[in-house]
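The shown structure was predicted, so the numbers you read here are calculated from the model rather than taken from an experiment. Convention: sequence-line order gives letters A, B, ...; per-chain numbering from 1.
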Amino acid sequence: MTKRFGDVVAVDDLSIAFAEGEFFTLLGPSGCGKTTTLRMIAGFEQETAGQVLIDGEDVAGLPPYKRPTNTVFQSYALFPHLSVRDNVAFGLKRKGVDRAETERRVSEELGRVGLAQEANRRPAQLSGGQQQRVALARALVNLPKVLLLDEPLGALDLKLRKGLQVELKRIQREVGITFVYVTHDQEEALTMSDRIAVMNRGRVEQVGDPEQVYDRPATSFVAGFIGVSNLMPGTVASAGARGEVKLDAGVTIKASTDGLSAGARCQAVVRPEKLQVSDPKGRADRKQPSVEGVVESSLYLGTSTQLIVRLPDSVAMTVLVPNADEAERQRLPGGGAKVRLSWAPEHMHLVPVAGPAGGDSSDG
Amino acid sequence: MTTRRRLIPYWLLAPGAIWLALFFVVPMYFMGELALRSGTFTEGFESAFQISNFSDALSGHTNQVVRSFVYAGTATLIALLIAYPLAYAIALRAGRWRLLLLFAVIAPFFTTYLIRTIAWKTILADDSPVVSVLQALQLVPEDGRVLATGGAVIAGLTYNFLPFMILPIYASLERMDTGLIEAGKDLYASSTQTFLRVTLPITAPGIVAGVLLTFIPAVGDYVNAEILGGTGTAMIGNVIQSLYLEQRNYPEAAALSFLMMLAILIVVLIYLRVAGSGAFMGDEDERRA
């Protein structure tokens, strides 16, 4: 489906199939079209072209109140004039569910989110986290085919967010409803999702489970957006599953260059925690690809130490060394020292260099 | 230091309190005292504790009292029916025209009240286009007139107090989170149901404020009845004016003013009681209780 606002294409020819009962996340920077996509599924925006199928049924043109979807809004949008119980009962009452059944399901849902005690309160008397749970209960009680969540944890502080992430995931497993979750927080997406679609400029860059998206990013955008990535530019020397790539840093490395043709520009992606630091004068493991560079800075981060290493082609590499052993940490090279960075071949992954339009890997 | 700081709120309150005492409490006392006097304007009024002033004031002008409440109530209701859709359109649909439309609502205030009301005399005159149209639509009989009828007075009251209805409703609509409307529709409520169960209850405080701001001055108004009305359209304001300035019966005028204030107070309290109980605020909680 496609959505245009005037001349601006917000969602560009997007096509995603959600599996029943999965926790699916639309991840991307602000303005990437993820919220617009969600709003088209909910029926708040009409698609310019294309269709939304739920259970094989085309819901295009149907108003939100006729769709089997419910939404958890970013601002919660709880009805301030109604009690928690009446907020949760709102949808069931409109659907004409009888009184006893409504009461039973509302109580059950409030129990599930741990708010049975607060049923008679007004939303304004609850904390942010509690309001968020009411919003969740209000949507879930209707047993929608798809539950849409628009950055529901965005307004909460970090600690509360972590707790609710775990709880959301638990509730999703318990009810078995398909969750479509919109967020710009890559960590949140990795923690909770069964599958993630990384979006940029109205297009899907990659769909995959968290491990795939993290370990084998399909594009430099995905590599840059999810986690910290080291992107080493290079040129494909020979194509194929047992091909070679010549990095600008001056080394040639064996790698699978599937999908790339010889002579094409590409980037080698290695995650910071997968890099090993060693003395360049020592013996190199010949099975491990490596590059040499100069340590620019060393930063103590608590659980790990971060080194910035500058390669000959002036690319800065980020290395994370876990602070497991204090003696080992003391031996880490300081600023100005020459080091060798090496990694296991399976931890490197090549992505094509996109045109100038999609070349940036920063979030924005 | 701390005692001085604790006194600050009282100092801030002082100008208002002094104002209220000088220009409300003291005049009220004199008016109350005047309402109990007896005598005539030429011979002078003397203190006599004449309670009958109150009963005379009421029994002599029952028609006008009832008429005042009917006219003001009708005008308030019509103003509400005009104001709510207008405020809704300005707050939620007008986009970049919002400020301009809001200005248009307030613009009539740049002309004085009296001139605006006199202008309506022209609008509702017997040979005016408006009246011709109404006659053509058979809303007004062929030889009937609009000016000098109760309808003209109600029209004037509605027009003059409409902005007081629009502005508080606009403010409450503008403040409302429009996400709530989406939430309503997301939870299977049609547009109409969403309006009745979400928008209307949430903006009820604006409606209550608008109704009070329109009704209270409209009950006591005498300009509209004076200029647009005819025989048999006099309101309490006109009676008080005539008692005071023409008949020079100060005690009875004061007594009627007092009764009028009391009546408005009672009506307003009943209204707030009903409105505040949530009976027409869609409050499902309290209706059940």
Side-chain angles (χ1 to χ4, degrees), chain A residues 35 38-39 41-45 62-97 99 102-103 106 119-124 131 134-135 137-144 146-150, chain B residues 84 87-88 91-93 95-97 168-169 171-211 272-289:
Chain A
T35 295
L38 198 78
R39 291 174 59 80
I41 303 172
F44 296 127
E45 307 281 354
L62 286 184
Y65 52 88
K66 288 190 179 157
R67 295 190 180 201
T69 58
N70 287 108
T71 308
V72 176
F73 295 87
Q74 188 171 14
S75 64
Y76 315 143
L78 298 176
F79 304 123
H81 59 298
L82 299 179
S83 68
V84 166
R85 178 184 285 117
D86 284 331
N87 261 283
V88 178
F90 192 93
L92 294 177
K93 282 186 184 169
R94 302 292 87 74
K95 277 206 288 195
V97 174
R99 210 186 185 118
T102 300
E103 228 141 88
V106 168
N120 293 319
R121 294 204 172 179
R122 294 290 164 111
Q131 291 186 23
V134 177
R138 184 178 69 173
L140 270 181
V141 76
N142 304 296
L143 300 175
V146 184
L147 184 76
L148 307 165
L149 302 102
D150 186 7
Chain B
Y84 202 98
Y88 191 94
L92 301 177
R93 294 274 184 274
R96 61 202 173 94
W97 300 104
I169 294 176
S172 65
L173 279 163
E174 207 255 352
R175 210 173 41 220
M176 187 179 75
D177 174 9
T178 48
L180 294 172
I181 297 175
E182 289 194 339
K185 289 187 182 168
D186 189 64
L187 293 163
Y188 314 110
S190 64
S191 300
T192 319
Q193 280 178 323
T194 302
F195 176 75
L196 291 176
R197 301 216 170 254
V198 178
T199 314
L200 200 59
I202 288 170
T203 52
I207 298 175
V208 171
V211 164
L272 285 178
R273 176 93 202 186
V274 175
S277 76
F280 57 90
M281 289 172 66
D283 200 318
E284 310 184 15
D285 232 12
E286 310 204 12
R287 204 180 298 159
R288 200 184 298 145

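Between B/L180 and A/P80, the closest side-chain pair of non-hydrogen atoms falls below 4.5 Å. Considering only heavy atoms from C-beta on, A/Y65 stays 4.5 Å or farther from B/T194 through its side chain. Residues A/R94 and B/R197 form a side-chain contact, since some pair of their non-hydrogen atoms from C-beta on lies under 4.5 Å apart.
Listed for the A/H81 side chain is no donor-acceptor partner under 3.5 Å among the backbone atoms of B/T203. Side chain of A/N70 to backbone of B/L187: no donor-acceptor contact under 3.5 angstrom is found.
Using a 4.5 Å cut-off between heavy atoms, A/L92 makes no contact with chain B at all. For A/F73, the part lying near chain B is the side chain, with the backbone staying farther off; criterion is any non-hydrogen pair under 4.5 Å. Contacts of B/D186 with chain A are made by both backbone and side-chain atoms, with heavy-atom separations under 4.5 Å. Using a 4.5 Å cut-off between heavy atoms, A/R138 touches chain B through backbone and side chain atoms alike.
Not a single side chain to side chain donor-acceptor pair (under 3.5 Å) links B/Q193 to another residue, sequence neighbours left out. For the side-chain contact (heavy atoms from CB on, under 4.5 Å) test, residues two or more places apart in sequence or in another chain that qualify with B/L92 are B/Y88, B/L173, B/T178, B/I181.
The minimum heavy-atom distance between A/F90 and B/A189, with the atom names listed, is CE2-CB, 3.9 Å. Taking both residues in full, the closest heavy atoms of A/A77 and B/A183 are given as O-CB, 3.7 Å, listed atom of the first, atom of the second, then distance.
Remark: A/K95 NZ is packed, more than 12 non-hydrogen atoms of other residues, nucleotides or ligands lying under 6.0 Å away.
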